[in-house]
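Everything below concerns the one structure shown next.
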Amino acid sequence: MTSGLVRPIRRYLNGGATISAESSRDVKVSVILPTYNRCELLAEALRGLARQSLPTEEFEVIVADDGSSDATAAVVKSFSDRLRLRYHFQEDHGFRVAAARNAGARLASAPILVFLDTGALVGPDYLREHLAAHGDGSARRAVIGYAYAYRPEDPTPGLAEMVGRLLPERVLTAYANDPSIFDIRHGAFLRCGFDPGRLVVPWILLWATNCSIRTEDYWAVGGFDEDFQRWGVEDMEIGLRLHRRGVEFVVSRSAWVIEAPHDRDWEGNRQGNHHNIGVLLGKHPEPVAEIGWSLITKDLYWPWEDDYQALLDWTARARDLDVTAELREAAAGLRPGERVAVFGSGGSVPAELSSAVLVDFDEELLRQALARGGRVGHHAIGVRTPLPEQSVDVVLMTSRLTGLWDRWNLDLVAEARRIGREIRAFGFGL
């Protein structure tokens, strides 16, 4: 492969060939484009990047190949006279898009990383708009780029025929304000006034089909987690870590892409999503992830923001709700040696339950309850805990769950039955 800019430098990294161009000191943005056996879609994506209004010397494109066996390498080579290109290949060991993105990011030389999916078609100002959304680059900011036609379960009528004939910007003109081409997240964007900073879980809107992150922030949180080896969730998970780092989330409708229609493995993606939300919960065992696990395993998504906000509201209201008397009464009815878990333990647990596993949605109160030492506790609602199946004899549910009962009762009961053989609750008629 060659570069039309200067004579290329060829390097080999961990078995993956890389092509790189001349000095990168002028590069403002690095585009990371993971791909796998989608050479035709890749060609369309590269064609859009090759017609950017941003000068070619100010950006680079890194194609991170997750083990393709089609003409992907040849497609990349065909654009080497139009783009500053780097190409990384990793062996096909299954779905490893997180590893591919990280490998591409390691080769990046710019202070801003743009992540773009293979099937995303861009207009001529795409990279300018991502850069504009970052301002002077000093703000700790992650940009959520708009994705027209990203609505896998409700495809845009006529789009497949149109994208093959018209430039992306002409496609948008043809659809004007037709809602059938809106990003599937459009309703969520409207609800927050296109300001994710107003949300309690903004990171669930960060999808790697089109986003950008400061390189410094990306590596500060460790990049994408390579334990995610099935489809879905890995982009939200890095979003969660960025949010915890204090990174601001902003939406740019100007830095748009159009998701080109293409075949999908619907059932495989669904199963991957279910599996990966469990991976996320395992890495972040806390109520916000617990809620996401409950929703996604039911093929739901959009109630996440409202459900978590409702939990935060109830947590504040229930802060002074002491259930020590309830627990003392419950302890009196236990048989010697019975293993116990308490859902809604609060901050004060009687000595009679010193061996009980404590579960509470209020992290501060749980910390107080565990301060005496010798106890095990989990920051959770009780919708999905880290406890193994049938690991306790009795699950006690306290009145601290009252404000959550209408929304989560089925999940709480199901989890209690999964981990224990008997449920005893206060005020819930169980």
Distance check, rounded to the nearest 0.5 Å: [X] atom [atom1] versus [Y] atom [atom2]?
| X | Y | atom1 | atom2 | value |
| --- | --- | --- | --- | --- |
| L396 | L353 | CG | CG | 6.5 Å |
| C192 | L205 | SG | CG | 6.5 Å |
| T315 | Y308 | OG1 | OH | 7.5 Å |
| T209 | F115 | OG1 | CZ | 13.0 Å |
| L365 | S348 | CG | OG | 10.0 Å |

Do you know the tightest heavy-atom contact between [X] and [Y]?
| X | Y | result |
| --- | --- | --- |
| R38 | D263 | NH2-O, 4.0 Å |
| P287 | L311 | CB-CD2, 3.4 Å |
| I184 | W302 | O-CZ2, 3.6 Å |
| A380 | V359 | O-CG1, 3.4 Å |
| G232 | N276 | O-ND2, 2.7 Å |
| I112 | R214 | CD1-CG, 3.9 Å |

Side-chain donor/acceptor pairs under 3.5 Å, residues 145-153, sequence neighbours excluded:
residue	atom	partner	partner atom	Å
Y146	OH	D183	N	3.1
Y146	OH	H186	ND1	2.7
R151	NE	D154	O	3.1
R151	NE	S180	O	3.4
R151	NH1	F182	O	2.6
R151	NH2	D154	OD2	3.0

Will you find, in the side chains of [X] and [Y], an N or O donor that is under 3.5 Å from an N or O acceptor?
| X | Y | value |
| --- | --- | --- |
| D65 | T35 | no |
| Q90 | D66 | yes |
| Y218 | N102 | yes |
| E267 | Q271 | yes |
| H262 | E40 | no |

Kindly determine whether D217 and R245 satisfy side-chain contact (heavy atoms from CB on, under 4.5 Å), including the steps that lead there.
CA-CA 8 Å; D217 291 322; R245 176 172 160 77; 2.9 Å; yes
Are [X] and [Y] packed together at the side-chain level, in the sense that at least one heavy-atom pair is separated by less than 4.5 angstrom?
| X | Y | result |
| --- | --- | --- |
| L242 | L206 | yes |
| L358 | L366 | yes |
| I419 | Q390 | no |
| L280 | F228 | yes |
| L49 | F79 | no |
| L295 | D307 | yes |
| F59 | L131 | no |
| E234 | I238 | no |

Those residues that, when tested against P111, pass side chain to side chain contact (heavy atoms under 4.5 Å, CB included) (two or more places apart):
none
What residues, two or more places apart in sequence or in another chain, satisfy side chain to side chain contact (heavy atoms under 4.5 Å, CB included) together with A108?
S30, I32, E60, I62, L113
Taking only residues two or more places apart in sequence or in another chain, which ones pass salt bridge (charged side-chain N to carboxylate O under 4.0 Å, His left out) with [X]?
| X | result |
| --- | --- |
| E44 | R47 |
| R339 | D393 |
| R128 | none |
| R317 | none |

Provide the full list of side chain to side chain donor-acceptor pair (under 3.5 Å) pairs with a residue in residues 372-383, sequence neighbours left out, each pair given once.
none
According to side chain to side chain donor-acceptor pair (under 3.5 Å), does anything in residues 188-207 pair up with another residue at least two apart or in another chain? List the pairs.
R191-D306, W207-Y301
Has the side chain of W304 got a donor or acceptor atom that lies under 3.5 Å from a matching backbone atom of V288?
yes
Counting distance only, does the side-chain N/O of T72 pair as donor-acceptor with the main-chain N or O of S68 below 3.5 Å?
no
Is the shortest side-chain N to carboxylate O distance from R319 to E364 below 4.0 Å?
yes
Which donor-acceptor pairs under 3.5 Å do the side chains of residues 246-256 make with protein atoms, sequence neighbours left out?
residue	atom	partner	partner atom	Å
E248	OE1	R141	NE	3.4
S252	OG	S254	N	3.4
S252	OG	A255	N	3.0

Do the ring planes of Y126 and H130 sit parallel (below 30°), tilted (30 to 60°) or perpendicular (above 60°)?
perpendicular
Which pairs count as salt bridge (charged side-chain N to carboxylate O under 4.0 Å, His left out) when at least one residue sits in residues 102-123, sequence neighbours excluded?
R101-D117, R106-E226
Which residue pairs satisfy the salt bridge (charged side-chain N to carboxylate O under 4.0 Å, His left out) criterion with at least one member in residues 283-303, sequence neighbours excluded?
D225-K283, D227-K283, R244-E286, R270-D299, K298-D411
Yes or no on side-chain contact (heavy atoms from CB on, under 4.5 Å) for L46 and L33, after CA distance, side-chain angles and deciding distance?
CA-CA 9 Å; L46 293 175; L33 209 168; 4.1 Å; yes
Test salt bridge (charged side-chain N to carboxylate O under 4.0 Å, His left out) on R367 and E363; report intermediate values, then the result.
CA-CA 6 Å; R367 191 180 297 115; E363 187 173 20; 3.8 Å; yes
Could you please spell out the steps behind the side-chain contact (heavy atoms from CB on, under 4.5 Å) verdict for E415 and V383?
CA-CA 6 Å; E415 177 64 1; V383 167; over 6 Å; no
Kindly check if the number of other-residue, nucleotide or ligand heavy atoms within 6.0 Å of CZ (R264) is above 12?
yes
Does R185 count as lying over the ring of F189, i.e. NZ or CZ under 6.0 Å from the six-ring centre, within 45 degrees of the axis?
no
